[in-house]
Each structure stands twice: as C-alpha cells, then as structure tokens.
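Handing you a structure now.
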Number of protein chains: 2
Amino acid sequence: MTVSSHTLDNFDRKILDIVQVANRTTSEEIAEQVALSPAAVQRRLKRMREQQVILSDVSVVNPKAVGRGMTFVVQVSLERERADLIDTFKDGMRNNPAVQQCYYVTGNSDFILIVTAADMDDYERFTRTAFFENSNVRSFQTNVVMAPVKVSLCIPVGTETADPDPA
Amino acid sequence: MTVSSHTLDNFDRKILDIVQVANRTTSEEIAEQVALSPAAVQRRLKRMREQQVILSDVSVVNPKAVGRGMTFVVQVSLERERADLIDTFKDGMRNNPAVQQCYYVTGNSDFILIVTAADMDDYERFTRTAFFENSNVRSFQTNVVMAPVKVSLCIPVGTETADPDPA
DNA sequence: GGTGAAAACGTTACGAG
DNA sequence: CTCGTAACGTTTTCACC
C-alpha cells in the first residue's frame with residue numbers, strides 16, 4: 001500500500017480529529033488541545049499531508065447559497081456489466097459537476113449517486129443527458145432528499161484509549 | 001432565508017471554485033487567478049464565511065490510512081413515519097460516528113446512509129446497534145461499495161458568462 | 001520533540017475611485 | 001461600497017538544541 005499506515009500515534013489521531021472538522025484551527029490552538037508544541041503539530045500535519053493521510057483541504061460551500069437547493073440520491077443499473085462500459089460510465093460521472101458523489105456498489109443497483117441541482121427542471125435535464133441518452137443505462141430510481149440530516153467527509157479516527165506499549 | 005444569496009459576483013464564484021478544492025491556497029495565489037488584490041480576496045473570503053456561504057473548512061482524511069477500509073450505502077425504512085420517531089432516528093445517525101452521511105428522502109426508503117467501517121464485522125456490529133436494537137426500523141438494505149468513483153462536497157458554482165445587468 | 005528567530009501570511013486602516 | 005496599498009499583528013516555518 002502506498003498510503004502506508006505509517007502507524008499514526010494518538011497525537012496524530014487527535015490532530016486529525018480537529019482538522020477534519022476545522023482545518024483553519026491554528027497550530028497553537030491544536031497544540032494546546034493535544035499537549036504538544038505548535039511546531040510539532042505543524043510537522044505532523046505536513047507529514048500527514050505528504051503521506052496522503054490527509055488527502056486534501058477544502059472549503060465546504062453552502063449549496064443553497066449558490067443556487068443548488070436540491071439533492072437527489074439515484075440508483076443506477078447498467079444494461080450490461082462490461083468492464084469498458086462501467087469505466088465509461090464512471091468517467092462520465094466524474095466529469096459531471098452535478099454529480100457530487102458516485103459509488104460503484106454490489107447489490108441490486110450498479111451505481112449510487114448523490115446529485116445536486118438547482119430545481120426539478122435542472123434535475124430532469126441531468127437525467128436526460130446522463131441516463132436517457134446513454135443506451136447502457138437500463139434503469140434508474142430517484143430519491144428526492146427532503147432534508148440532509150448529516151453530510152460530512154469526516155472519518156472516525158478513534159483515538160485509542162491505551163497506547164500499545166512497545167516496551 | 002438567513003443564508004441570503006447576497007448576490008455573489010463572479011469574483012466570489014471564482015474564489016469559491018478555488019477554495020472548495022484547496023482552501024490552503026494563499027490569497028496571493030487566488031488574487032492572481034481572479035485578478036484582484038490579496039486583501040480583497042481575504043475580505044471576500046471572510047464575508048462568505050460569516051454569511052455561511054462557506055459553511056466550514058475541513059481536511060479530508062484518507063479512510064484507508066485510518067483503518068476504515070469499507071463503505072456502505074444503506075437504505076432504511078421505518079416502521080411508522082411519526083415525526084418524533086423520525087427525529088429520534090435522525091439524532092441517532094448524527095451522533096453515530098460510523099455514519100458519514102444521512103439523507104431523509106422521499107420514495108421507497110425513508111433514509112439513505114453512507115456508512116464507513118473497518119471491516120464486515122465492524123459493519124455487522126453497527127447494524128446491530130443502529131437497526132436491530134431499534135424497534136422502529138422496519139427494514140434496511142445494504143449495498144457494499146466496491147469502489148468510490150467520486151467523493152466530493154464540491155458544489156458547481158457556475159461562474160456566469162454574463163452578469164445580469166441590474167441597470 | 002521543544003525553542004526562538006525569521007519569513008510568510010492574514011488583517012486592518014487609509015485614501016481613492 | 002469596494003478597490004489597492006501599506007503598516008501591523010499573527011501564524012507558520014526553519015535552524016538549532
């Protein structure tokens with residue numbers, strides 16, 4: 001694995017817990033909370049970014065503030081599960097800005113998407129180009145999101161209670 | 001609406017396009033790309049954070065680097081759609097760290113979840129506490145994610161070609 | 001990993017359009 | 001009302017212990 005679990009220690013985990021909900025927290029504040037010097041915090045953050053433990057640092061934009069009031073969960077079944085067709089579909093999703101998330105899954109459907117749109121018309125337009133004009137899409141089922149209860153990319157890092165003592 | 005679309009202009013939109021994929025970009029770099037001074041960029045970012053156009057600033061943690069190799073999409077149906085039971089379920093999801101995302105939807109299911117787990121056993125444990133021990137959950141259906149094709153919280157901001165002239 | 005100095009960055013006040 | 005410039009305070013970075 002290239003993303004080697006370079007064995008994060010509990011300091012790393014605590015730091016991750018903080019920055020994954022607020023990455024503009026100053027190293028000084030983090031340092032206080034984890035009982036380390038600001039410089040040490042920065043060194044660890046730098047290392048984790050280089051090692052791809054931290055993949056990216058992003059601002060979360062309010063969809064409503066930007067004219068994207070609606071969210072949909074869509075289950076898509078392909079006509080034939082051929083590797084090249086699946087890859088083509090994946091690329092289409094990746095390049096479609098309306099598609100926020102796309103998962104290739106086992107089970108009844110082949111793909112599950114999270115899609116945003118300004119309104120129903122906008123979504124209808126999306127389905128036309130993404131699904132109806134794609135002969136490889138057998139069927140799709142849409143769920144309209146009434147309320148996003150929780151939307152996060154946070155990962156439970158799970159600070160261990162006891163340190164596995166190497167001594 | 002409290003999140004008033006304080007009419008973002010094209011500068012704001014361009015800035016959002018940048019920070020929503022890399023919020024550690026310096027104002028100087030952003031300034032170059034949008035043709036503004038660094039101070040103006042900072043002022044706009046500050047305003048958008050205050051106005052909740054930017055909801056938060058987060059580090060995206062690599063799930064694999066942190067022992068969360070598996071992702072599931074789960075559709076949940078409740079026994080009875082009573083407002084108080086729905087709220088209770090929502091709170092449970094919000095407080096469960098395994099639940100990354102939770103959407104309250106129309107359609108066949110009531111909720112759709114994105115759940116992460118270390119492995120199958122871990123997921124099985126999650127279903128036990130979250131679903132089986134909850135008498136209000138009628139049924140749930142799990143899709144195992146084979147490959148996350150696209151995972152983002154980016155919103156298409158859509159810099160307008162022409163500014164709607166208010167004159 | 002800690003400390004402190006130097007460099008980079010964000011913030012604010014000011015004058016101008 | 002928002003820009004740009006420039007001074008100021010803060011934060012990060014780096015060399016050294």
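Any value given below was found using the heavy atoms of this structure, including those in side chains, with hydrogens, waters and symmetry copies removed. Quick note on labels: first sequence line is chain A, next is B, and so on, each numbered from 1.
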Original post:
With a cut-off of 6.0 Å (strictly less than), are more than 12 heavy atoms of other residues, nucleotides or ligands near CD of A/Glu124?
Top reply: yes
**OP:** State which residues pass salt bridge (charged side-chain N to carboxylate O under 4.0 Å, His left out) with B/Asp87; sequence neighbours excluded, sorted by chain then number.
**Re:** none
**OP:** Classify the angle between the aromatic ring planes of A/Phe140 and A/Phe131 as parallel (below 30°), tilted (30 to 60°) or perpendicular (above 60°).
**Re:** tilted
Subject >> Spacing between B/Leu36 atom CG and D/dT5 atom C1', to the nearest angstrom >> reply: 14 Å
Original post:
For B/Ile112 and B/Val76, what are the C-alpha separation, side-chain angles and deciding distance, and is it a side chain to side chain contact (heavy atoms under 4.5 Å, CB included)?
Top reply: CA-CA 6 Å; B/Ile112 292 180; B/Val76 181; over 6 Å; no
**OP:** Tell me, please, which residues at least two apart from A/Phe89 pass ring pair (Phe, Tyr, Trp, His ring centres under 6.0 Å).
**Re:** A/Phe111
**OP:** Scan nucleotides 12-17 of chain D nucleotide by nucleotide, 5' to 3', and note B when protein non-hydrogen atoms come under 4.0 Å of the base, S if they reach only the sugar-phosphate, - if neither.
**Re:** SBB---
Original post:
What pairs with A/Pro97 under side chain to side chain contact (heavy atoms under 4.5 Å, CB included), at least two apart in sequence or on another chain?
Top reply: B/Pro156
**OP:** Let me know the distance between CZ of B/Phe11 and P of D/dC3, rounded to the nearest Å.
**Re:** 7 Å
Original post:
Could you go step by step and tell me if B/Val60 and A/Val58 meet the side chain to side chain contact (heavy atoms under 4.5 Å, CB included) rule?
Top reply: CA-CA 7 Å; B/Val60 179; A/Val58 307; 4.2 Å; yes
**OP:** Check whether any side-chain N or O of B/Arg44 sits under 4.0 Å from OP1 or OP2 of D/dT2, and answer yes or no.
**Re:** no
Subject >> Which residues share a side chain to side chain contact (heavy atoms under 4.5 Å, CB included) with A/Arg125, sequence neighbours left out >> reply: A/Asp121, A/Asp122, A/Arg128
**OP:** Using chain B heavy atoms and a threshold of under 4.0 Å, write down where along DNA chain C the contacts begin and end, 5' to 3'.
**Re:** C/dC9 to C/dA13
Original post:
Nearest-Å distance, CG (B/Leu45) to P (D/dC3)?
Top reply: 12 Å
Original post:
To the nearest Å, how far apart are B/Leu8 CG and D/dT2 P?
Top reply: 12 Å
